[in-house]
Number of protein chains: 2
Amino acid sequence: MAKTIAERADVVPLLAEVLREYGFEGASLAVIGERTGLGKGSLYHFFPGGKEEMAAAVLQEIDRWFEAEVYRPLREATDPRAAIDGMIGAVDDYFRSGRRICLVGAFALDNVRDRFATAVKGYFAEWRSALASALKRAGCAPDQAHSLAEETIIAIQGALVLSRALDDPTVFSRALETTQARLAKAMA
Amino acid sequence: MAKTIAERADVVPLLAEVLREYGFEGASLAVIGERTGLGKGSLYHFFPGGKEEMAAAVLQEIDRWFEAEVYRPLREATDPRAAIDGMIGAVDDYFRSGRRICLVGAFALDNVRDRFATAVKGYFAEWRSALASALKRAGCAPDQAHSLAEETIIAIQGALVLSRALDDPTVFSRALETTQARLAKAMA
DNA sequence: GTCTATAAAGCGATAGAC
DNA sequence: GTCTATCGCTTTATAGAC
């Protein structure tokens with residue numbers, strides 16, 4: 001039903017991109033209006049809580065996407081090795097091979113972390129737990145699975161930081177390859 | 001000569017802490033004045049360029065510290081293995097075992113990255129290069145030294161992100177141990 | 001549902017007294 | 001060198017016309 005030009009769900013991905021580029025404080029309503037093509041009136045109609053609600057909606061959408069595309073496959077796939085390979089591919093696509101930052105990671109280092117602490121914590125905790133689950137089913141010892149899952153997420157986040165700091169996406173690609181090799185070796 | 005209460009050099013560490021806690025945009029002059037105990041007049045006397053100059057001074061001080069305590073020892077130490085162990089200890093102290101974030105890494109993910117691109121890039125490029133130099137002198141093949149240095153910095157930065165996201169400093173401590181073990185193994 | 005106009009507060013930065 | 005007062009601008013958020 002296209003009774004209106006824009007729907008809230010259409011706006012959220014645009015908001016996500018603006019937040020990634022400008023950060024929470026840098027993304028002013030002026031910039032948001034420009035990039036979404038919506039006036040302040042429309043924005044507050046969709047998000048009565050203002051910027052805070054916009055960011056919360058973005059975090060929820062990110063969580064929904066990772067749950068469907070990454071966490072659930074890791075937890076439930078009959079072939080955990082394939083699920084882990086799938087995760088690497090999904091991560092490579094999602095972060096545009098290092099050209100796109102992780103909004104949740106950026107929030108974690110920002111002073112807005114406290115405001116979105118639950119969402120930030122949940123994102124990483126679920127990821128680590130789902131990856132550890134897949135590793136265990138692939139034959140890893142529980143201890144090793146947990147520490148390897150943690151190490152993997154650390155490598156991805158660190159690679160996003162360093163890629164962007166050096167303005168060199170090959171850093172991310174290399175890190176993802178190294179990580180994949182380490183996971184494969186642990187499942188051998 | 002204590003002819004004045006405050007000197008510019010005394011203010012910079014306070015500024016660094018405020019920037020780490022609030023981020024560049026979040027650290028308003030009101031907050032900075034509160035935390036340094038200086039009025040706007042004094043701040044602009046020391047830093048005529050305003051917030052931008054304050055942040056630049058902080059980045060320069062960080063670079064100076066890492067150059068003296070981390071990069072130079074890595075490059076010049078007669079015992080590269082000891083220098084690498086020293087780096088791990090210095091990093092653990094500097095980042096307060098995961099309770100303190102890396103301002104340069106936070107800047108890299110922030111939209112202020114472009115404004116301080118040279119300093120941000122230099123910080124990580126020098127670190128990687130110095131660590132690779134030490135690894136080579138410790139017996140690593142040049143290729144392996146470079147990729148291992150990169151991997152190490154990625155692990156440190158990623159661990160800072162994840163530690164803060166999960167509000168769990170033990171993540172950082174574990175990552176530092178894992179990294180140290182990997183470095184030791186490569187030099188064996 | 002979308003817009004413009006506007007309010008109220010906070011921002012970085014400056015001026016000038018001391 | 002440090003302060004207070006203030007400027008001019010931008011911010012988030014609201015109100016109300018359409």
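Within every chain, numbering begins at 1; the chains are lettered A, B, ... in the order of the sequence lines, protein sequences first and strands thereafter.
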Sugar-phosphate or base contact per nucleotide [nucleotides 10-17 of chain D; S, B, -; heavy atom under 4.0 Å]
-SBBB---
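Counting to the nearest Å, the C1' atom of C:dG1 and the CG atom of A:Asp10 are 14 Å from each other. As rounded to whole Å, 7 Å separates atom P of C:dG12 from atom CD1 of B:Ile32.
By the 4.0 Å N-to-carboxylate-O rule, B:Glu76 lies too far from B:Arg137 to be salt-bridged with it. Look at B:Glu67 and B:Arg64 and you find no salt bridge, because none of the NZ, NE, NH1 or NH2 atoms lies under 4.0 Å from a carboxylate O.
Counting heavy atoms from C-beta outward, A:Lys121 and A:Glu126 have side chains that stay 4.5 Å or more apart. The closest side-chain heavy-atom distance from B:Trp127 to B:Met87 is below 4.5 Å.
When the side-chain nitrogen and oxygen atoms of B:His45 are compared with OP1 and OP2 of D:dT2, none of them lie within a distance under 4.0 Å.
No side-chain donor-acceptor contact under 3.5 Å links B:Asn111 and A:Glu21.
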